[in-house]
Amino acid sequence: MFRALYDYKTELSGYLTFQVEDQFTVLDSTQKDWFLAQNGFGEIGYIPKNYVTKDQANEGEVLKSIDRAIEIIHFEASSKGGQYTHSQRENLQKLIEHRQNVYDSYRDTPTDCSDFVVVPREKPAKSTDNPTKRHSSRRIAPAPPVRTSAELTTCVKKKEVKSDNVQKINIQSNNEVLDVQNNAKTNTQPKKENNEPTKCNSIQIVAKVDCATSPLPSPTKTVKESNLFDCSTVNVPEDIGRDLVEEIRKNTELSYKKSCVALETVLGHIGMKIPDLSELMDRIHSTIQMTDTETVESSVSSDYERLCELFEELTECKDDSQQRGWHLHEDEDIISNNLQELLSILENAKQSVSRKALSRENYDCIYSLVQYYQMENRLNLRLLLLRVFGAMCSLDSVVITHLLFSVLTTELAHELEENIEDLQRSSYVSLLLCMLFCTGESVPANLHDHLNTDFLGFVFNSLENPCSEGHEEQLTDLLVNFVLAFNLHFDTLNENLVMKVIEEKKTVKVFTEKILLLFNRDEDPVVMFDHKPPVVNSIMKLLQDMYSSPSTARILYTNDERVLLDIILRHLIDLPPGDKDRSSHLKLMQLYLQHADYLEHKHRYAELKECLQRIQTEEENTGDDKDICSFIFTQLKIFNNE
């Protein structure tokens with residue numbers, strides 16, 4: 001334990017404010033000028049070393065202080081739904097390790113037999129180093145305040161110790177009080193009582209009990225005789241956390257993530273209410289993520305076993321459809337229930353388990369479901385299959401690749417053309433098409449034989465002339481998202497089918513209005529999953545493709561062009577040098593000035609010129625930004641007349 005010599009106040013995060021006589025438990029002393037410590041309120045942070053001094057404390061006090069800090073962390077996490085922050089987990093780990101170290105050190109440390117130990121009080125060291133040099137990753141500790149002579153005076157009161165006297169000591173450890181009585185006689189001579197203060201001039205006198213002659217029992221021996229509950233001796237199986245989550249999910253039908261939250265909440269609450277068990281609860285909690293090997297998980301997971309069973313049953317349905325069995329149309333309820341259960345597991349089970357089940361036999365189950373979708377003509381089952389495909393796409397980009405290279409994309413394109421008036425069906429199909437193309441990866445060579453300019457023309461016609469109000473409110477946005485996603489995998493402008501259709505249409509008013517709205521909001525609706533690697537911004541790519549050619553650079557109306565310039569200029573002004581988004585907006589500005597009719601309206605001419613000049617003269621290394629500005633001033637010659 002350490003005790004504060006002076007007041008210390010700070011507003012920095014990760015540092016502790018304290019007052020004189022506050023006590024601390026040091027968790028880490030590796031920094032040169034700072035201790036990582038825990039105060040009496042359970043808070044953890046850094047304190048300056050030259051503001052504190054080592055204090056005498058028995059094991060019970062130290063353990064009680066550590067347990068209080070652990071309890072407070074559990075309480076804070078429990079009040080927030082059982083969610084532990086990263087810093088809380090780190091602090092818990094440090095407290096648990098420190099508690100075990102304290103317990104072991106007190107258990108193994110022999111008792112000292114000296115009557116009194118005179119310890120010189122440490123004076124705060126004055127650093128002679130150059131203030132500009134840093135020997136620690138932390139701030140250099142401030143110099144302590146000057147103490148008065150009165151504060152330096154230590155008073156020691158000597159009380160008479162009588163022989164043949166019964167002594168009673170209360171030693172508190174882990175909320176248990178041990179009463180120890182000792183009737184042993186000592187040979188200690190009575191000492192004269194002196195109530196006068198003794199000036200010691202920076203000398204601190206610490207009294208210690210002689211274990212050989214004193215009637216008072218040794219604190220170390222007393223602790224050994226106590227009934228402390230040692231959580232470290234309890235055997236915690238490595239898979240208990242995973243098994244508990246599995247049982248919660250199986251009996252409550254909660255998702256895997258919610259089951260983990262439920263278990264964390266229960267463990268945290270038990271640790272808060274019963275501090276003696278807090279270390280054990282933390283050890284159980286640590287086993288939840290201890291083993292993350294998919295092979296181990298899948299071998300014991302009921303979700304994995306059920307997924308395998310469902311895929312086999314649905315494969316049998318596909319085979320029955322091929323054979324056109326007599327019971328083909330009498331099993332709809334069974335297949336529907338299987339698909340709904342499959343969808344529920346894919347959405348709620350641990351993703352690594354679902355990915356393992358899908359990857360069996362080189363993802364053969366995916367191709368079986370695609371074949372079954374081709375053969376199935378019942379609308380209810382087809383809609384369920386579309387939802388299942390969507391859930392699969394959210395699990396892994398590899399699944400998207402397999403679906404993209406199957407016949408599913410052409411089947412979906414055909415279904416959209418045939419059933420555009422069915423709002424629910426066309427919405428499901430449009431959403432899944434967007435998922436399949438959202439990664440921007442290369443597509444099969446024969447794909448454009450089916451998803452060609454005729455199909456894209458149909459999509460734009462459906463955008464500009466929706467079948468109903470419902471189509472206008474719901475389907476229009478989904479079709480815009482599909483066009484944005486489909487445009488991602490065109491690397492060259494000459495092969496870009498989207499730009500060819502826009503050039504043929506001459507005007508796509510609804511589509512461009514939707515694009516400007518998304519561009520102004522900095523939203524990319526194509527970013528649907530967290531798959532790696534991330535793709536480029538679909539809005540920015542489409543606008544850059546549009547303004548890369550004069551034939552598509554005049555699609556926007558004049559007022560819409562002014563709105564576009566306002567948005568670009570705002571980003572050029574607000575974003576810092578070196579920001580990739582600013583470079584993208586600057587490139588778009590160059591393409592617009594190069595291929596559009598900017599000189600017809602010169603919208604925000606002076607502001608745009610000033611902004612480009614500022615970027616051109618920046619001292620920072622901004623990549624191609626300066627070259628783009630130089631190209632605008634020297635090659636385009638738009639601002640040379642001013």
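These values consider heavy atoms only, across backbone and side chains, with no hydrogens, waters or symmetry-generated copies.
Residues H603 and D566 form a side-chain contact, since some pair of their non-hydrogen atoms from C-beta on lies under 4.5 Å apart. Between T287 and D239 the shortest side-chain heavy-atom distance does not fall below 4.5 Å. Counting heavy atoms from C-beta on, the side chains of V266 and L244 never come closer than 4.5 Å. With a 4.5 Å cut-off on side-chain heavy atoms, N337 and E341 do not count as touching. In this structure, L608 and M589 have side chains that are in contact, with non-hydrogen atoms separated by less than 4.5 Å. Using a 4.5 Å cut-off on side-chain heavy atoms (C-beta onward), E376 and L384 make no contact. Counting only heavy atoms from C-beta outward, the side chains of E513 and L517 never approach each other to under 4.5 Å. Residues M392 and L369 meet the side-chain proximity criterion, which asks for heavy atoms closer than 4.5 Å.
Checked by atom type and distance alone, the side chain of S549 never pairs as donor or acceptor with a backbone atom of D545 at under 3.5 Å. At least one donor-acceptor pair under 3.5 Å links the side chain of S368 to the backbone N or O of D364. The main-chain N or O of Q340 is never found under 3.5 Å from a side-chain atom of S344 such that the two would form a donor-acceptor pair. When atom types are taken as modelled, the side chain of H531 and the backbone of C393 share a donor-acceptor pair closer than 3.5 angstrom. For the pair N520 (side chain) and L516 (backbone), a donor-acceptor distance under 3.5 Å is absent. Under a 3.5 Å cut-off, the side chain of N496 and the backbone N or O of V498 do form a donor-acceptor pair. Of the possible donor and acceptor atoms, one in the side chain of Q544 sits under 3.5 Å from a partner among the backbone N and O of S584. With N338 contributing its side chain and L310 its backbone, the two residues share no donor-acceptor pair below 3.5 Å. Of the possible polar contacts, none joining the E523 side chain to the P525 backbone as a donor-acceptor pair under 3.5 Å is found. Distance alone, capped at 3.5 Å, is enough to place a donor-acceptor pair between the R554 side chain and the P550 backbone.
Rounded to the nearest 0.5 angstrom, N487 CG and L456 CG are separated by 9.5 Å. With values rounded to the nearest 0.5 angstrom, E415 atom CD is found 6.0 Å from L386 atom CG. Remark: K356 NZ to L395 CG distance equals 14.5 Å, nearest 0.5 Å. Here the SG atom belonging to C434 is positioned 8.0 Å from the CG atom belonging to L478, to the nearest 0.5 angstrom. From H285, atom NE2 reaches atom OG of S278 across 13.5 Å, with rounding to the nearest 0.5 Å. Once rounded to the nearest 0.5 Å, the distance linking CD1 of I568 with CE of M540 reads 7.0 Å.
Nearest approach of Y547 to A596, heavy atoms of both residues: CE2-CB, 4.1 Å. What you find for I420 and H471 is that their closest heavy atoms are O-NE2, 2.9 Å. The shortest heavy-atom contact between L254 and R249 is O-NH1, 2.7 Å. Considering every non-hydrogen atom in both I573 and C611, the closest pair reads CG1-SG, 4.2 Å. Taking both residues in full, the closest heavy atoms of L339 and V388 are given as O-CG2, 4.0 Å, listed atom of the first, atom of the second, then distance. For the residue pair C438 and L488, the shortest heavy atom distance occurs at O-CD1, 3.7 Å.
In this structure, the ring of F455 has its center no less than 6.0 angstrom from the ring center of H450. Aromatic pair H585/Y592: ring centres not closer than 6.0 Å. Ring centroids of H402 and F405 are separated by 6.0 Å or more, keeping the two rings apart.
By the 30° and 60° cut-offs, the orientation of the rings of F511 relative to F460 is perpendicular. Taking the six-membered ring for Trp and thresholds of 30 and 60 degrees, F389 and Y373 have ring planes more than 60 degrees apart, a perpendicular arrangement. Classification of the F437-H489 ring pair by plane angle, with boundaries at 30° and 60°, yields parallel.
Taking 4.0 Å as the cut-off between side-chain N and carboxylate O, D303 and K350 do not count as a salt-bridged pair. Between E246 and R242 there is no salt bridge, since none of the side-chain N atoms of the basic residue sits less than 4.0 Å from a carboxylate O of the acidic one. Using a 4.0 Å cut-off between a side-chain N of Lys or Arg and a carboxylate O of Asp or Glu, K505 and E464 do not qualify as a salt bridge. With salt bridges taken as basic N to acidic carboxylate O contacts below 4.0 Å, none links K541 and D524.
Counting heavy atoms of neighbouring residues, nucleotides and ligands inside a 6.0 Å radius, atom CG of N446 exceeds 12 of them. More than 12 heavy-atom neighbours from other residues, nucleotides or ligands sit within 6.0 angstrom of NE2 on H571. Atom NE2 of H448 has more than 12 neighbouring heavy atoms from other residues, nucleotides or ligands inside a 6.0 Å radius.
Applying the salt bridge (charged side-chain N to carboxylate O under 4.0 Å, His left out) test to every pair with at least one member in residues 438-457, sequence neighbours left out, gives no pairs at all.
Residues satisfying the salt bridge (Lys or Arg N to Asp or Glu O under 4.0 Å) test with K250, not counting sequence neighbours, are E247.
Test N481, T476, D477 against K514 for side chain to side chain donor-acceptor pair (under 3.5 Å) and you get one pass: D477.
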From CA spacing to verdict: side-chain contact (heavy atoms from CB on, under 4.5 Å), Y372, L381:
CA-CA 10 Å; Y372 177 51; L381 299 181; 3.7 Å; yes

